[in-house]
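Input: a single structure, listed below in structure tokens.
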Amino acid sequence: MTSPLRHLLGIEELSARDIVQFLDTSEVFFDVSRRRVRKVPTLRGKTVINLFYEASTRTRTSFEVAGKRLSADVINLSVSASSVSKGESLLDTVKNLEAMHPDVIVVRHASSGAAHFIARHTRAAVVNAGDGTHEHPTQALLDAFTIRRAKGRLADLVVTIAGDIAHSRVARSNAILLRRLGAQVRFCAPRTLMPVGVETYGVEVFDDLGRAVEGADVVMMLRIQRERLTEALIPSTREYARTFGLNARILERAKPDAIVMHPGPMNRGVEIDSDVADSPRSVILDQVEAGVAVRMGVLYLLAAEAGQSPLS
Ligand code: CP
């Protein structure tokens, strides 16, 4: 069954039922990626344009892999090699892409609201691949998918999200999704890296990593987003690593079977030590594998013909 949703712009717009549909559909595609022949004809004849105005390794690559495994035609528009570098506006860029009749536009942009703006100016389905500090919905879906596979459920889990929360669209999308599916969410950051209005998020707030990790089922670390810092918000990287970096000693305070997550890119030795990132408790590369399955699920649900089955 395809989705009644036209776009995927944020987790905020999704009901618990929508989220579960994305997760369950992605399970079907997870198996496809582990087969010898990792391709299905589902989106043959459909066109997916990846429009990335910000750097990306995991999201851009996995949308490309996902589209190709679904047999869609995938076009990656490199902004530095496009007419954006000659001053073309976002609206003109979208109007020109629209004239080529794409089925899906996947967009990453430094401005919060960019994906919503594009959705107002195209007939294509728009997928938000990260807009400013606002939302990164497919990251939250793949994180939930990874947690559900590791723990068997999301309800009643304690999930600690620690790091530069103020600038993190990942933290925001995860907090909304995890709470919507019944998890208990904790945020941990220095006060300078906590978002304004954090008390409205419905999360527990900590400024001590050890206490935030106490009894957690999931510990998700985030990097400092230097590209979004407009002023010095931490005393030094070394001081930050000493007080807010996850190491084996602090992880001891989580549940014995707690898993460790990171959306990437990691700054090893800053927010996370290598011996934790590479330990058996780390599911960081499982998150990357889940990313392909979840993005296949999203493309299928938004772009397949009504009534079309996922694998044919
Ligand atoms: N997690 C994530 O968004 O990674 P990229 O910036 O590499 O896409």
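One-based numbering, in listed order, for ligands and for the atoms of each. Small disclaimer: the values here were computed from a predicted structure and weren't measured.
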Starting from [atom], find the nearest protein heavy-atom neighbour and note its residue, name and distance.
atom: atom 2 (C) of ligand 1; value: Thr59 OG1, 3.5 Å
atom: atom 7 (O) of ligand 1; value: Thr57 N, 2.8 Å
atom: atom 6 (O) of ligand 1; value: Arg108 NH1, 2.9 Å
atom: atom 4 (O) of ligand 1; value: Arg58 NE, 3.1 Å

Exercise: do Arg172 and Thr133 side chains pair donor with acceptor under 3.5 Å
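The criterion, which ignores hydrogens and geometry beyond distance, is not satisfied for Thr133 and Arg172.
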
Centre-to-centre under 6.0 Å for Phe145 and Phe22, is that the case here?
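Aromatic pair excluded; centres sit 6.0 Å or further apart.
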
Using only atom types and a distance under 3.5 Å, with no angle test, would you say the side chain of Asn267 pairs donor to acceptor with the backbone of Val270?
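It does not hold such a pair.
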
Is the backbone N or O of Asp286 less than 3.5 Å from a side-chain atom of Glu289, with the two atoms forming a donor-acceptor pair by type?
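Here the side-chain-to-backbone pair does not exist.
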
Sub-4.0 Å heavy-atom approach of Gly264 to ligand 1:
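A heavy atom of Gly264 does come that close to ligand 1.
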
Pro263 to ligand 1: N or O pair under 3.5 Å?
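The answer is yes, given that Pro263 and ligand 1 share an N or O pair closer than 3.5 Å.
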
Consider every N or O of Arg60 and every N or O of ligand 1, then say whether any pair is closer than 3.5 Å.
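No: no nitrogen or oxygen of Arg60 is under 3.5 Å from one in ligand 1.
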
Relative to each other, are the rings of Tyr240 and Phe244 parallel, tilted or perpendicular (30° and 60° limits)?
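Correct class here is parallel.
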
Sidechain N-carboxylate O distance under 4.0 Å for Asp24, Arg148
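Looking at Asp24 and Arg148, the cut-off is met.
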
